[in-house]
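Throughout, protein chains are lettered first and strands after them, A, B, ... in sequence-line order, and every chain is numbered starting at 1. On a predicted model such as this, the values are computed, not experimentally measured, just so you know.
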Amino acid sequence: MNVRQLLDERLGEAFGRVTKEWAPALVSPASRPEYGDYQANGAMAVAKRLKTNPRKLAEDVVGASDLTGIVAETEIAGPGFINLTLSQEFLKGTLARAQLVTPAAKPERIVIDYSSPNLAKSLHVGHLRSTVIGDATARTLELLGHTLYRQNHIGDWGTPFGMLVAYLEGQDQSSNDLGDFDHFYALASERFENDPAFAETARKFVVDLQSGKEAALTQWKQFIELSSSHMQRIYDQLNISLNPDHTRGESAYNNDLAQVVTDLDQAGLLSLSDGAKCVFLKEFTGKEGKPLPMLVQKSDGGYLYHTTDLAALRYRHKVLNADRILYFTDGRQNLHFRMLFAVAHASEFVPKSTKLEHHPFGKLLDSTGRPFRSRDGSTIPLAQLVEQAHERARAVVRSKSSNLDEIEFDEVVHAIAIGAIKYADLSKNRLNDYTFDWDSMLAFEGNTAPYLQYAFARIQSLFARGNFDPESYRKDITLENQNERELAVQICRFQETLELVGREAMPHHLCAYLYELTSRFMRFYETCPVLDAPEKDRESRLALCVHTAKTLETGLDCLGIATLTRM
RNA sequence: GCGCCUGUAGCUCAACGGGAUAGAGUAUCGGCCUUCUAAGCCGAGGGUUGAAGGUUCGAGUCCUUCCAGGCGCGCCA
């Protein structure tokens, strides 16, 4: 249940009754514990508009509101804040519900375009943020009951593929498992540079490919399969929910590109400028105030990524019937997407009712503030990043854990390594540049994935020691002390947090929530004995543990981070 | 030149349609393990929110100007 929304609606109605007009209650979590659980800030703004006393208005609103069974205590504070404290019954009732997450009343069909690497090269750190943030958003929206269409818009077409296919052809097929994918790419481009005959063959491949020659296509497909399996291995390691079904690359739109240009022309949007076909929209200007074109066809007849993106957008509207389309790319593509959306609407390829959202994110920096790269300046493959995380995690787990057999040890190392990489990224507001720092990420102290995993493991340990089956455990909760109560309140805020993340495509809110949940649990755990408590307390506290564990597990699952029963 | 993004504690980051005394983690210092995992808990210090104006009962958040950094602006994606 979305508690914040419930309060906002109830108080909003009261505001309406009192002021005889629409006025938002502006309910948010209380900024300080002494102000209760939630606060409504709407009175001051409305009072000013109506030229009346805000404290008096706040009192009238509280008097006119129906908060029975929800709020135990209200208080008017300061210039007109309404502070709300949830009632014991409400907290108990909310926790007693079998359903942890309430699905959306109006589920949407949501397309989410993320990861989208170019298959000419292996996945590298440049793909990390889009992949990890997009995936967490997708999982969250899916949990909220929406229908998700993950779209991995991979780069699988164009000049580099001629080179790679040509190189692949010259190789002994049996030795080409592409285990060292980047090495393969490097060899191919080196040969392309230094071997004119090879370069000629490669160019011929591109021509053959684009004219649809059967043999070239077969070899191209073979290469794409090879490269895709490399990509899938990385996704699997990182626990990314993308699979081959979600792949719909640039090549999928080849046959529609000419039609896109024709349709733009029919819509009266197409101009010819320096031999290239493009769309001018008056809201976009470039240097010296000149109109800024969006090029859709080069003077040599070739198409551009704008064209492909328009075709993809049309597919997502016409075929997938999307209500909402999200893109996760770095901020540099901001202008591209603004133009893309504007042209899509102007051409009526996509109706205005379809929400088009670009969700940009900042760069990956190293601790000196420079772009995150390896020592020699080259980009870091994700495979290498993952391996390094495992190495570091192995050292820490070895030093901290005992009593883990070999299989468990590997499992713990893997969950911690992957969790650390993803959580470090997900826990930050994506708009900012992000400083990638192994040491703080794998220190495993404070606000990190292992902290959450550790809390979960502690709870599981309680269940194991007490021989409880958390799945079937249903007992009433009584909130006797402050730490129990604060834990319960936080659990009840899960729904509103998920909805916030889904609305804004900002998973860091979920991380902040889970961290707060975990620290409240840790305080509870330190101060409230569970297994050794008297029968009544024991049942209630175990029930609190069950809810905490379930919430943690579900939340971490949204982030694509594994939980552990021991560590 | 025009446009977009960013600037918060030593460091890494929060602050959700403007809200109460700007919060965490880390680092530093001091406490807490014969009792459910110390990867933990409790406490202390640490700030002119890049600068200056303005709007407002109230500004890290909105407006203006400036400073600093990053990115983008026709045939790559």
Under 4.0 Å, counting only non-hydrogen atoms across every strand here, what does [X] touch: a base, just sugar-phosphate, or nothing?
X	result
A/D274	base
A/T565	base
A/M567	base
A/L335	sugar-phosphate
A/T527	nothing
A/C528	base
A/F361	nothing

key: Watson-Crick or G-U stems of RNA chain B, 3 or more pairs, under 3.5 Å, by first number   =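 So the stems come out as B:1-7 with B:67-73, B:10-13 with B:23-26, B:28-32 with B:40-44, B:50-54 with B:62-66.
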
Out of [options], which has the shortest distance to the side chain of [X]?
X	options	value
A/F280	B/G74, B/A38, B/C76	B/G74
A/L304	B/U37, B/C41, B/A77	B/A77
A/S401	B/A39, B/C76, B/G40	B/A39
A/A457	B/G74, B/U37, B/C41	B/U37
A/R338	B/C4, B/A77, B/U37	B/C4
A/E445	B/G70, B/A27, B/U6	B/A27
A/L292	B/U35, B/C4, B/C73	B/C73

task = Please step through salt bridge (Lys or Arg N to Asp or Glu O under 4.0 Å) for the pair A/R316 and A/D113, ending with a clear verdict.
result = CA-CA 10 Å; A/R316 291 164 188 186; A/D113 180 323; 3.0 Å; yes

Taking only the side-chain nitrogens and oxygens of [X], find out if one of them lies under 4.0 Å from OP1 or OP2 of [N].
X	N	result
A/K363	B/G69	no
A/S440	B/U12	no
A/R523	B/C42	yes

Round to the nearest Å and state the distance from [X] atom [atom1] to [N] atom [atom2].
X	N	atom1	atom2	result
A/F524	B/C42	CZ	P	15 Å
A/F456	B/A39	CZ	P	19 Å
A/K121	B/C76	NZ	P	19 Å
A/K287	B/G3	NZ	C1'	12 Å
A/R370	B/C71	CZ	P	14 Å
A/Y303	B/C75	OH	C1'	14 Å
A/D532	B/U35	CG	P	11 Å
A/N483	B/G40	CG	P	18 Å

Atom [atom1], compared across [N] and [M]: separation rounded to whole Å:
N	M	atom1	result
B/U35	B/U48	C1'	50 Å
B/A39	B/U26	P	13 Å
B/A24	B/C41	C1'	16 Å
B/C29	B/G58	C1'	37 Å
B/G19	B/U56	C1'	12 Å
B/C16	B/G60	P	12 Å
B/U65	B/G30	C1'	48 Å
B/C13	B/U6	C1'	14 Å

query = Syn or anti: how is B/G74 classified when any glycosidic angle within 90° of 0 counts as syn?
reply =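 Because its glycosidic torsion lies within 90° of 0, B/G74 adopts the syn conformation.
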
query = Is the glycosidic torsion of B/C33 within 90° of 0, making it syn, or is it anti?
reply =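 It is syn.
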
task = Using only heavy-atom distances, decide whether a donor-acceptor pair under 3.5 angstrom links the side-chain of A/Y454 to the base of B/A39.
result =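 Check fails, no donor-acceptor contact within cut-off.
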
Answer yes or no on whether [X] is positioned over the face of [Y], meaning its NZ or CZ is under 6.0 Å from the six-membered ring centre and within 45° of the axis.
X	Y	result
A/R129	A/F436	no
A/R248	A/Y315	yes
A/R520	A/Y515	no

Between [X] and [Y], is any side-chain donor less than 3.5 angstrom from a side-chain acceptor?
X	Y	result
A/H359	A/R430	yes
A/S367	A/D437	no
A/R485	A/N481	no
A/T329	A/H358	yes
A/T379	A/H124	yes
A/E499	A/Q495	yes

query = Want to settle it: does A/N334 or A/L404 sit nearer the 5' end of RNA chain B, counting the closest nucleotide to each?
reply =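 Per heavy-atom nearest nucleotide, the more 5' residue is A/N334.
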
message = Taking the nucleotide of RNA chain B with the nearest heavy atom to each, does A/F444 or A/K290 sit closer to the 5' end?
response =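 First, find each residue's nearest nucleotide; the 5'-ward one identifies A/F444.
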
inquiry  = If you count every heavy atom of other residues, nucleotides or ligands that lies below 6.0 Å from A/E357 atom CD, does the total exceed 12?
reply    =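 Yes, CD of A/E357 has more than 12 neighbouring heavy atoms, counting only those of other groups under 6.0 Å.
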
ask   = Which pairs with one or both residues in residues 409-429 of chain A pass ring-ring contact (aromatic ring centres under 6.0 Å, His included), sequence neighbours excluded?
value =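 Output for this query lists A/H390-A/H414.
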
request  = Using a 4.0 Å cut-off on protein heavy atoms (strictly under), produce a 5'-to-3' string for nucleotides 14-24 of chain B with B for base contact, S for backbone-only sugar-phosphate contact, and - for none.
outcome  = SSBB-BBB-SS

query = Per the side chain to side chain contact (heavy atoms under 4.5 Å, CB included) rule, which among A/N2, A/V27, A/L6, A/L7 passes with A/E496?
reply =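 The side chain to side chain contact (heavy atoms under 4.5 Å, CB included) with A/E496 is passed solely by A/N2 among A/N2, A/V27, A/L6, A/L7.
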
